[in-house]
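Following: one structure in structure tokens, then a few remarks.
These numbers were taken from a predicted model, which means no experiment stands behind them. The sequence lines fix the lettering, A, B, ..., with proteins before strands; numbering per chain opens at 1.
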Amino acid sequence: MLLRMPTMPTAITRFAPSPSGSLHIGGARTALFCWAFARHIDATGGLGSFLLRIEDTDRARSSEASAKAILEDLAWLGIGWSEGPELGEIGGDPRNVGPWAQSARSGLYEQYFQRLLEAGTAYPAFESPEELAAMRAEAQANKQTFRYTQRADYDRETALARMETQEHVLRLHVPAEPIVVHDQVLGEITFTSEHFDDFVIRKKDGSPTYHFAVVVDDALMGVTHVLRGQEHLNNTPKHVALQSALGFETPIYAHMPLIFNDKGAKMSKRERDQTARVAAREAKLTESPIAEIDGTTFAAWLKDKTKQLGHDELEALAGHLGLILPEVSVDDFRRAGYLPGVICNFIALLGWTPSKHEDGTDREKFDMAFLGRDFELGRIGKPNARFDRVKLASFNQDALAAMSDESFVGAWSTWAARYDSTLVDSLGQGRMTLLAPSVKPRVKTLSESRGIIAFALAAHDAIELDPKSIDKVLRKGEPSGLELLRAFDRDALQSWAGAFAPEPIEQAIAQWCESRDMKSGKIAQPLRVAITGSTVSPPIGVTLAAVGLDGVRTRIAKCVEVVAAIAS
RNA sequence: GGCCCCAUCGUCUAGCCAGGUCAGGACGCCAGGUUUUCAUCCUGGAAACCGGGGUUCGAAUCCCCGUGGGGUCACCA
């Protein structure tokens with residue numbers, strides 16, 4: 001066997017989230033495409049690397065917890081990075097290009113600032129934020145677009161001297177020539193220099209701005225392909241200008257279409273607040289209905305549509321209002337019970353098309369391994385895409401239904417252990433296994449399972465009987481459903497022998513009905529109502545088995561009692 | 001408002017680059033069927049080339065102009 005020497009990657013992509021919240025579904029797609037591109041390079045004989053960097057130059061908004069959560073969400077989705085912060089087996093620094101958090105890289109930037117300053121392509125500027133604001137206001141009053149350009153009275157010697165004693169920022173002197181961006185998705189785009197200004201590259205406090213840090217870090221880390229959302233398109237000429245000023249090579253850019261909500265606007269965490277706010281107003285809430293949110297916070301939030309509640313507070317409120325909030329971050333989808341593979345499959349389809357099947361038909365369902373092999377920049381589309389939750393749900397339902405019973409139980413218990421532990425506790429592994437085949441085709445998300453199995457969790461003497469169902473299946477007919485229930489209990493259940501399991505139960509029902517020369521639906525529906533309270537439930541054998549013989553008989557007795565009382 | 005991007009069924013999209021197809025698929029919707037309920041499953045159906053000019057024998061496809069939508073204009077990233 002040939003021992004492979006450590007090889008340099010032939011293509012390097014990167015995902016650089018700023019840790020100021022949970023991972024947005026749009027960010028997940030960006031990461032997914034970066035990952036997929038690197039895997040595609042592997043599949044075509046090269047060596048691809050997907051690296052992860054933490055963009056925390058804005059210290060005030062960044063948090064360690066958020067960074068960790070983003071990493072975990074990515075790992076859960078199956079989007080592993082070959083270089084970056086370590087998380088279990090994922091990450092590492094084989095090429096020694098870290099550290100990965102920009103806040104830990106501050107020392108690296110200084111020499112590049114100096115280089116630019118010496119070359120005269122960067123210069124200090126001394127205007128205060130207030131002065132700048134005034135200049136912008138004035139430009140606006142004259143219906144002009146404000147652009148910062150070097151002052152006419154700028155003098156290098158004086159400015160450099162002034163730097164020593166006075167607060168200042170560093171700005172890049174942008175070249176007069178147009179900047180042409182070659183984008184793999186959008187094609188060639190020309191930006192004329194009069195439309196962007198001498199932007200800030202070093203803040204007053206000495207830290208680099210995003211533009212500067214990105215350009216330097218990407219170059220130092222050897223990033224060859226920058227895949228990012230189209231909202232960054234207008235930043236690209238700045239980055240290109242910076243690269244040429246710094247003598248760096250310009251990476252290959254690919255700007256991907258944006259993901260919108262069903263209203264055609266950018267998906268945002270804010271819409272979750274808005275959904276809850278509308279519901280709260282409709283419910284005529286004036287003060288906080290739950291302990292998690294204090295009164296003044298609630299009142300302010302209710303009035304001001306720019307205010308946002310914390311994640312848990314919002315969830316608690318939604319729970320109180322019986323509301324399902326639109327999922328926006330990866331964690332929302334995870335909590336709702338979507339499978340990671342399905343999420344990746346679905347978001348990959350938002351703006352990208354896989355190759356066709358061998359027989360020429362369209363392909364829509366695929367796994368991560370396929371995506372990694374098949375991904376090509378050329379098949380990224382241009383138009384922005386709306387996020388259709390209904391279709392996602394359908395994909396998830398299909399994926400759930402396609403699982404073996406064993407793996408479904410696995411996925412179901414894993415999810416429940418994390419988000420609905422009472423379900424695991426009260427159902428137990430045995431009844432989960434029993435119910436799994438019935439739950440599987442009936443849910444779109446794992447969280448919907450609770451509705452399907454609620455009857456099994458309820459107390460035997462506390463079944464709420466649906467009045468319509470009582471009328472329809474218990475009181476009508478000759479003999480009535482209620483009488484059949486009594487008879488079935490007496491004939492079949494009272495002296496039940498052997499296992500009380502789906503198969504024998506179904507057989508017993510079939511035999512009992514045959515002896516009376518009637519269809520089995522005649523007794524199945526009354527049983528459903530007595531056991532679950534409604535006419536809708538899993539197959540009757542499973543339904544009865546899940547409740548147990550004693551439970552079934554108790555529920556029948558209770559039902560007979562209640563309905564008889566109504567009748568008299 | 002300046003600049004930039006985009007435009008095929010309600011939605012995601014194939015087809016466009018290298019003009020000629022009943023404009024295909026998926027989700028959803030509608031109608032049937034299977035099933036002891038529901039769900040699953042099966043069959044069928046309605047549903048789109050933003051508008052106007054050009055180029056061409058021929059335009060969803062190429063060009064121009066409109067219109068519409070979106071992004072972006074910070075010492076945030």
Side-chain angles (χ1 to χ4, degrees), chain A residues 16-18 20 55-58 60-62 102 125 127-129 132-133 136 140 143-147 167-171 181 183 185-187 189-192 194-197 199-205 207-211 213-214 229-237 255 257-258 260 262 264-266 346 349-353 356 360-365 378 381-395 397-398 401 438-444 452 469 473 506 509-510 513 519-525 527-529 532 534-541 543:
Chain A
S18 70
S20 56
E55 216 107 299
D56 59 351
T57 42
D58 186 351
R61 294 194 204 182
S62 302
Q102 273 173 346
E127 291 83 1
S128 68
L132 251 14
R136 284 197 188 90
Q140 181 137 34
K143 293 199 189 303
Q144 283 179 330
T145 311
F146 175 73
R147 286 177 58 232
E167 281 195 332
H168 63 279
V169 298
L170 246 36
R171 288 179 181 268
V181 173
D183 189 89
V185 176
L186 268 9
I189 305 159
T190 305
F191 294 88
T192 38
E194 64 260 29
H195 296 297
F196 52 103
D197 60 4
F199 56 96
V200 174
I201 57 176
R202 191 174 72 184
K203 303 177 197 173
K204 182 173 66 182
D205 67 4
S207 67
T209 60
Y210 159 75
H211 299 113
V214 161
Q230 266 178 32
E231 73 263 28
H232 284 291
L233 187 58
N234 292 309
N235 290 153
T236 311
H255 287 90
L258 268 16
F260 291 149
D262 52 2
K266 220 172 142 182
F346 184 75
L349 253 16
L350 262 25
W352 178 77
T353 310
K356 292 186 185 280
T361 55
D362 289 340
R363 183 195 312 270
E364 234 184 2
K365 306 279 179 75
K382 297 177 186 182
N384 298 327
R386 289 183 196 216
F387 192 95
D388 184 358
R389 287 193 181 76
V390 176
K391 184 161 179 171
L392 202 221
S394 167
F395 270 41
Q397 179 167 32
D398 288 351
S438 304
V439 172
K440 215 168 50 154
R442 285 176 178 74
V443 294
K444 296 184 194 302
I452 307 286
S469 300
V473 307
E506 300 264 357
I509 290 177
C513 289
K519 286 190 168 178
S520 30
K522 282 273 190 196
I523 184 63
Q525 285 304 79
L527 280 169
R528 267 201 179 85
V529 176
T532 73
S534 89
T535 53
V536 175
S537 89
I540 198 67
T543 303

Base, sugar-phosphate or nothing for G264(A)? Non-hydrogen atoms, less than 4.0 Å. sugar-phosphate

Proximity to the side chain of E364(A) - top-ranked nucleotide from rA26(B), rA77(B), rC75(B): rA26(B)

Sticking with atom C1', work out how far rC65(B) lies from rA47(B), rounded to a whole angstrom. 30 Å

Please work out if T57(A) contacts a base, only the sugar-phosphate, or nothing of the nucleic acid, heavy-atom cut-off 4.0 Å. sugar-phosphate

Smallest heavy-atom separation, Q397(A) atom then V443(A) atom, equals CG-O, 3.5 Å

Run the numbers on D398(A) and K365(A) for salt bridge (Lys or Arg N to Asp or Glu O under 4.0 Å), then give the verdict. CA-CA 10 Å; D398(A) 288 351; K365(A) 306 279 179 75; 2.9 Å; yes

Considering residues at least two apart in sequence or located in another chain, which fulfil the side chain to side chain contact (heavy atoms under 4.5 Å, CB included) criterion with E506(A)? P539(A), I540(A)

Once you apply a heavy-atom cut-off of 4.0 Å, does P539(A) come out as touching a base, just sugar-phosphate, or nothing? base

Name the nucleic acid region contacted by K204(A), choosing base, sugar-phosphate or nothing; use a 4.0 angstrom heavy-atom cut-off, strictly under. base

Have a look at A401(A) and say if it touches a base, only the backbone sugar-phosphate, or nothing, with a 4.0 Å heavy-atom cut-off. nothing

Just call it for R147(A): base, sugar-phosphate, or nothing, with non-hydrogen atoms closer than 4.0 Å on any strand. nothing

Please report the distance separating the C1' of rA59(B) from the corresponding atom of rC64(B), rounded so that it comes out in whole Å. 15 Å

Write down the distance separating the C1' atoms in rC6(B) and rA18(B), rounded off to the nearest Å. 23 Å

Please classify the nucleic acid contact of G229(A) as base, sugar-phosphate, or nothing, using heavy-atom distances under 4.0 Å. nothing

Across the strands shown, which category fits P129(A) at heavy-atom distances under 4.0 angstrom: base, sugar-phosphate, nothing? base

For D205(A), which contact category applies under a 4.0 Å heavy-atom criterion: base, sugar-phosphate, or nothing? nothing

How is Q140(A) classified with respect to the nucleic acid when contacts are heavy atoms under 4.0 Å: base, sugar-phosphate, or nothing? nothing

rA60(B) and rG20(B): how far apart are their P atoms, nearest whole angstrom? 10 Å

Touch class at under 4.0 angstrom, heavy-atom based, for V390(A) against every strand present: sugar-phosphate

With a 4.5 Å heavy-atom cut-off, do H211(A) and N235(A) have their side chains touching? yes

Taking N and O atoms by type only, does the side chain of R386(A) place a donor or acceptor under 3.5 Å from a partner on the base of rU11(B)? no

Mind checking if I540(A) touches a base, just sugar-phosphate, or nothing, with heavy atoms under 4.0 Å? base

What does K266(A) touch in the nucleic acid at a heavy-atom separation under 4.0 angstrom: a base, only the sugar-phosphate, or nothing? sugar-phosphate

Hey, does K365(A) reach any base, or is it just sugar-phosphate, or nothing, if we go heavy atoms under 4.0 Å? nothing

